[in-house]
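Data block below; observations after.
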Amino acid sequence: MSNGARLDHLVTSGTFSLDGGVWEVDNNVWLVGDDHEAYVIDAAHDAASILAAVGDRRLLGILCTHGHDDHIDAAPEVADATGAPILLHRDDEALWRMRHPDRAPDGQLADGDVLTVAGTDLRVLHTPGHSPGAVCLYAPTLTAGAPGEGGVSGVGTLFSGDTLFQGGPGATGRSYSSFPTIIDSIRDRLLTLPPETVVRTGHGATTTIGAEAPHLAEWIARGH
């Protein structure tokens, strides 16, 4: 399909809590769309800023890469303000309920689903490990960077949530996570994508599949 979508990027700040700990975090929030419609990927922390970035566009949905509270804390407020559905993989519903016990997601993201916005496809890849229901969203035709993002250029975009970062896999030292599983997901689902694919992450800097792929053996050896 032709690529009519643009990318917007916010960094929002708040906390992540699990297993009795609380950590200060900065999250990447991504918006994919055009002047008329958009998806939000990970409605983190700051509903007002996210709604301002959406503007008067129709919000087609709030896509949750996983159920950790720092990625979903603002989702209900954004949904209530826009009427957009919240979509999450069913295997992370237990994590969702820890933060939002009285508000269920509106629908599911399942492996192989294709969501389309502004002529651009977002393909759902189930990539468990950081959490059981972690997903990545692959947009093979999305090449434009976000305003002010700078840095990495490539062809195609992977929104990796907390599955793959610059420098390695997401954390797996807490409940509901598994290092062998995240390695399988990265090796079998992500590093098989074209090396020029830009990886836009849930926290921190952008990278590419080609930059990360040579380091898989190092990650396995270090165990995180």
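Below, each value reflects all heavy atoms present in this structure, side chains not excepted, and no hydrogens, waters or symmetry copies.
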With a cut-off of under 6.0 Å to the ring centre and 45° to the axis, is Arg6 in cation-pi contact with Trp30? no
How about His203 and His71: are their ring centroids closer than 6.0 Å? yes
Does His89 have its ring centroid less than 6.0 Å away from the ring centroid of His66? no
Go through the side-chain N and O atoms of Asn28 and His9 and say whether any donor and acceptor fall under 3.5 Å apart. yes
Is the shortest side-chain heavy-atom distance between Leu125 and Val135 below 4.5 Å? no
Has the side chain of Ser17 got a donor or acceptor atom that lies under 3.5 Å from a matching backbone atom of Gly21? no
Give a yes or no answer on whether the side chain of Arg103 reaches the backbone of Arg99 with a donor-acceptor pair at less than 3.5 Å. no
Looking at side-chain heavy atoms only, is the closest gap between Leu18 and Leu95 below 4.5 Å? yes
Will you find, in the side chains of Thr12 and Asn27, an N or O donor that is under 3.5 Å from an N or O acceptor? no
Quick one: does any side-chain atom of Asp106 pair with a main-chain N or O of Ile86 as donor and acceptor, under 3.5 Å? yes
Between Ser185 and the options Thr127, Leu191, Leu164, Leu190, the side chain to side chain contact (heavy atoms under 4.5 Å, CB included) test singles out Thr127
Report yes if the side chains of Phe159 and Leu142 come closer than 4.5 Å at any heavy-atom pair, otherwise no. yes
Reported CZ-to-CG distance for the pair Arg200 and Leu137, which is rounded to 0.5 angstrom: 13.5 Å
With ring centroids as reference points, do His224 and Phe179 lie under 6.0 angstrom apart? no
Determine whether Thr197 and Thr208 make a side-chain contact, defined as any pair of heavy atoms from C-beta on separated by less than 4.5 Å. no
Applying a strict under-4.5 Å side-chain criterion to I, L, V, M, F, W and Y, I'd like to know whether Trp96 and Leu87 cluster together. no
Report whether Val124 and Leu60 are members of the same hydrophobic cluster (ILVMFWY, side-chain heavy atoms less than 4.5 Å apart, transitive linking). yes
Between atom CG of Leu158 and atom CG of Leu193, what is the distance when rounded to the nearest 0.5 Å? 6.0 Å
Of all residues at least two apart in sequence or in a different chain, which pass the side-chain contact (heavy atoms from CB on, under 4.5 Å) check with Pro180? Ser178
